[in-house]
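Treat the numbers as computed from the prediction; the structure is a model and nothing was measured.
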Amino acid sequence: MPTLVPYVAPLVVAAALCGLFMAVAVPHRSVPGMGWFVVFMGALVVWTLAYAGEILVPALEGKILAARIQYLGISVVGVSWLGFATEYTGLSWWSPRNVALALAIPAVTLVLVWTNDAHGLVWSAVGLSNGRSYTVLDLGHGPWFWIQVAYSYLCLLVVLGLLLRTILVRGRLFRGQASLLFLASLPPFAGNAVYVAGLADTDLDLTVFGFSISGLLAGWAILRWKLLSIGPIARDTIVEGMSEPVAVIDPQGRVVDVNPAALLILGTTADRLIGWSAREVLGPFAPDLSQGGVSRRTVRRPSDERSYDCEVDSLQDSKGRHRGWTLVLHDVTDRAAEAEALRRAREVAEDTALAQRAFLTNMNHELRTPLNGVMGMLQVLMHTELTEEQRAFAATAYASGEELLGLVHRVMDFSAIELGRLELTEAPFDLGAAVRGAVEGLQGEAAAKGLGLRLETGPEVPVRVTGDGFRLGQVVSSLVDNAVKFTDLGAVEVRVTAPSRTGDAIRVRVEVKDTGIGIPASRLKAVFEGFVQADGSSTRRHEGAGLGLTIAQRLVGRMGGHLEVASEVGRGSTFWFEVPLRPAPRGRPAD
């Protein structure tokens, strides 16, 4: 038995490698030619292992059984190799009828092999002879044996013709691939010729080794070059006359075809593109295939500053199998120029607005410091001995300073909100006290105008809640101040309710209703715009910067609520807002 190892070991190794290549190919059966390649490799596995069994088994019956099993592979290796080559070279004539015709002779061969004892058409005589290292099975070949051999090698000759045609007409990439396959198809001829002519100085049948070499070369090509996944894609998948540039990319990201328009845009020739990685040769137009490849983007060509939409779509055959991608370029230079102009105009406007807000913020800080100094000195002055007239002058100056300081604060808040720098705090506070403080702060102004200012709080409103009490009071103060300012007769009413409560969220609603001049329907949205008043005329009677309501709306929005208004000219306005607040934790005092 040890003397048989040099004969059996190569067969077992070849079978193992062919089995490995077959396992690699099975998951990719949808790739053109891969199904036939799986059959080819499976046939080689059966043939080589059965031939190894024939060598190892000493008895005649065992050797004959091994010979019969070999024909499970022998009968289909030729036609399966032909099937692979035809699909690789782009032929699509494997209809069910043609497949049945191609497999007719292999099917007859298998039937005759397993019934040979009755007719002797495959082998007419059987015997054993003493070989150099093992007992050799001698078979007298019958007529059908030669038919099967002729059919197998006819298939191989057709394969050689198809591959030679591919070498002559295809591009550089396919010439190299087809040349390898052409070489892989030659060993069976050499092995069978030596075996049939009896020229081999060995007891081994070299035919199986020839086909095994073919299978191993093709398998190596699949693993090394991913040969089967880049089968030629027919030229008619690209319309030569298309004015738009088109390129075809295989599943491995290599360019496999381009049309003349694409060559013109890229400024190169087909030989410098086909077979190369799209990422390397398509320059700025190279698509990103890492996420499936289907995409659309705009690219500017550096050479002439023209812009193109790069549209990448999946390329599928008639059976819905993925064959790669198509890349189509659309010249959108004019459209891109318009979009670029709009983008630049928008950037200029945004930069200008940002610079204005930054300027306002800096100026507010510069104004507040000396203003605080002036007001401080006015307070000191008012506590000195002054005549009544002097004291009135000082009080008027102090009131004007307070108004100016309030305006500075509002501008600062507006700028902070616009720049996204305003931060809200979350802390327990007394809701009633926050609203009451805002209302009471304007009682004096309302009384000076002879207006009533009333506050009503619903019984369902919680006393202690969690949120930004200072900012909520600021919103209420802005709304009440606005109502008092634009009301000459009547009253201002403030009502606080809690219309809903869901889980830990309490919906608090604050309404401020006045009997003032009202707002025209056409100006309702404008009152929330910065530096805008409902009465924007030069003869308006009510002064102000137009920031109070804008700030109030932004603050309510930051707190997760919304501020609305309803108004009727001559009858007054109602502003209301709703914000979500959370109950204050027990045991913690409200701010």
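Counting only residues at least two apart or in different chains, salt bridge (Lys or Arg N to Asp or Glu O under 4.0 Å) contacts with residues 40-52 are absent. Note on residues 115-130: pairs passing salt bridge (Lys or Arg N to Asp or Glu O under 4.0 Å), not counting sequence neighbours, are Arg68-Asp117. Pairs engaging residues 118-128 under the salt bridge (Lys or Arg N to Asp or Glu O under 4.0 Å) rule: none recorded [sequence neighbours left out]. Applying the salt bridge (Lys or Arg N to Asp or Glu O under 4.0 Å) test to pairs two or more places apart or on separate chains, none has a residue in residues 70-81.
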Show the numbers, then the answer: is there a side chain to side chain contact (heavy atoms under 4.5 Å, CB included) between Asp309 and Arg296? CA-CA 7 Å; Asp309 262 1; Arg296 186 166 190 162; 3.5 Å; yes
Any chance you could lay out the side chain to side chain contact (heavy atoms under 4.5 Å, CB included) test for Val258 and Val246, step after step, and finish with the verdict? CA-CA 6 Å; Val258 289; Val246 180; over 6 Å; no
Between Trp276 and Arg254, does a side chain to side chain contact (heavy atoms under 4.5 Å, CB included) hold up when you go through it step by step? CA-CA 5 Å; Trp276 295 94; Arg254 286 172 285 198; over 6 Å; no
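When all heavy atoms of Asp331 and Ser307 are compared, the closest pair comes out as OD1-O, 3.3 Å. The nearest pair of heavy atoms linking Ile213 to Pro187 is CG2-CG, 3.8 Å. Across Ala278 and Ala286, no two heavy atoms sit closer than the pair O-CB, 3.4 Å. Leu327 and Pro287 make their closest contact through CD2-CD, 4.5 Å (heavy atoms, listed as atom of the first residue, atom of the second, distance). Among all heavy-atom pairs drawn from Val57 and Gly62, the shortest one is CG1-CA, 3.6 Å. The two residues Trp325 and Asp250 make their nearest non-hydrogen contact at CZ3-O, 3.1 Å.
No option in Leu11, Val208, Leu72 other than Val208 meets the side chain to side chain contact (heavy atoms under 4.5 Å, CB included) test with Trp47.
Residues that satisfy the salt bridge (charged side-chain N to carboxylate O under 4.0 Å, His left out) test with Arg297, not counting sequence neighbours, are absent from this structure. In this structure, Thr269 has no side chain to side chain donor-acceptor pair (under 3.5 Å) partners at least two apart in sequence or on a different chain. Partners of Trp81 by ring-ring contact (aromatic ring centres under 6.0 Å, His included), not counting sequence neighbours, listed by chain and number: Phe40, Phe84. Judged as a salt bridge (charged side-chain N to carboxylate O under 4.0 Å, His left out), and not counting sequence neighbours, the contacts of Arg343 are Glu340, Glu347. Here Glu54 pairs with nothing under the salt bridge (charged side-chain N to carboxylate O under 4.0 Å, His left out) rule; sequence neighbours left out. For Tyr151, there are no ring-ring contact (aromatic ring centres under 6.0 Å, His included) partners two or more places apart in sequence or in a different chain. Not counting sequence neighbours, the partners of Tyr308 by the ring-ring contact (aromatic ring centres under 6.0 Å, His included) test are Phe285.
The CD1 atom of Ile69 lies 11.5 Å from the CD1 atom of Ile74; values are rounded to the nearest 0.5 Å. For the atom pair CD1 (Ile249) and CZ (Arg279), the distance works out to 11.0 Å, reported to the nearest 0.5 Å. The distance from atom OG of Ser185 to atom CZ of Phe211, rounded to the nearest 0.5 Å, is 9.5 Å. Here Ser214 contributes atom OG and Leu44 contributes atom CG; the two are 8.0 Å apart, rounded to the nearest 0.5 Å. To the nearest 0.5 Å, atom CG of residue Leu217 and atom CG of residue Leu181 are 9.0 Å apart. Atom CD of Glu244 sits about 8.5 Å away from atom CG of Leu329, to the nearest 0.5 Å.
Within the 4.5 Å cutoff, side-chain heavy atoms of Asp138 are placed close to those of Val136. Side-chain contact between Cys18 and Leu216 is present, with heavy atoms from C-beta onward closer than 4.5 Å. In this structure, the side chains of Ile64 and Val126 come closer than 4.5 Å at one or more pairs of heavy atoms. Counting heavy atoms from C-beta on, the side chains of Leu273 and Thr268 come closer than 4.5 Å. Looking only at side-chain heavy atoms (C-beta outward), Met41 and Val45 stay at 4.5 Å or farther from each other. Counting only heavy atoms from C-beta outward, the side chains of Leu263 and Asn259 never approach each other to under 4.5 Å. By the 4.5 Å heavy-atom criterion applied to side chains, Lys63 and Thr135 are counted as neighbours. Under the 4.5 Å side-chain criterion, counting only non-hydrogen atoms from C-beta, Leu156 is in contact with Pro188.
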N/O donor-acceptor pairs under 3.5 Å from side chains in residues 108-116, not counting sequence neighbours:
from	atom 1	to	atom 2	distance (Å)
Thr109	OG1	Ile105	O	2.9
Thr109	OG1	Trp144	NE1	2.8
Thr109	OG1	Gln148	OE1	2.5
Thr115	OG1	Val111	O	2.7
Thr115	OG1	His119	NE2	2.9
Asn116	OD1	Leu121	N	3.3
Asn116	OD1	Val122	N	2.8
Asn116	OD1	Trp123	N	3.2
Asn116	ND2	Trp123	O	2.9

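In this structure, Ser124 contributes its side chain and Gly142 its backbone to no donor-acceptor pair below 3.5 Å. Remark: the backbone N or O of Thr326 is not paired with any side-chain donor or acceptor of Asp313 at under 3.5 angstrom.
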